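One structure follows; several queries about it will come next.
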Amino acid sequence: MIKNKWNKFKRNFSKNFIDFLMIFAAEQDFINKHRHKSSVIKEQGRYGSDQRKNSEK
């Protein structure tokens with residue numbers, strides 16, 4: 001019975017750990033995709049206009 005509990009614990013722990021790593025990877029991906037957007041927003045606050053609109057004219 002102890003062996004069965006240990007195997008069940010290992011299986012559940014492995015699944016939960018992989019789920020945690022996937023969430024962490026998704027957060028990193030989200031941060032990296034939005035890094036440029038947040039820097040543009042900071043520039044808007046600093047300079048008062050959207051720098052992308054000025055470069056298109």
Side-chain angles (χ1 to χ4, degrees):
M1 188 141 147
I2 293 172
K3 185 177 181 183
N4 291 337
K5 286 183 180 181
W6 178 246
N7 287 337
K8 185 177 178 182
F9 170 79
K10 288 192 300 185
R11 186 178 64 242
N12 288 337
F13 179 81
S14 176
K15 180 188 175 298
N16 290 336
F17 186 68
I18 295 298
D19 288 344
F20 168 77
L21 290 178
M22 294 299 287
I23 291 169
F24 182 75
E27 287 177 352
Q28 288 299 106
D29 190 38
F30 179 83
I31 289 168
N32 290 333
K33 283 183 180 178
H34 293 85
R35 182 170 287 157
H36 174 70
K37 186 175 182 180
S38 66
S39 66
V40 169
I41 291 170
K42 288 178 186 175
E43 288 180 5
Q44 287 175 2
R46 184 181 304 150
Y47 300 114
S49 65
D50 189 351
Q51 299 298 318
R52 292 177 292 175
K53 288 181 183 176
N54 291 338
S55 65
E56 291 176 0
K57 291 182 180 178

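All values reported here derive from a predicted model rather than from experimental measurement. Only heavy atoms go into these numbers, but all of them, side chains included; no hydrogens, no water, no symmetry mates. For this chain, numbers begin at 1 and follow the sequence in order.
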For this session: Among residues two or more places apart or on two chains, list those pairs meeting salt bridge (charged side-chain N to carboxylate O under 4.0 Å, His left out) that have a residue in residues 20-32.
Result: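 Non-adjacent pairs meeting salt bridge (charged side-chain N to carboxylate O under 4.0 Å, His left out): Asp29-Lys33.
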Problem set entry | side chain to side chain donor-acceptor pair (under 3.5 Å) involving Asp19 - partner list, sequence neighbours excluded |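 With neighbours one apart ignored, the set is Lys15.
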For this session: Identify, with sequence neighbours excluded, every residue that meets side-chain contact (heavy atoms from CB on, under 4.5 Å) alongside Lys10.
Result: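 Partners of Lys10 by the side-chain contact (heavy atoms from CB on, under 4.5 Å) criterion, ordered by chain and then number, come out as Trp6, Asn7.
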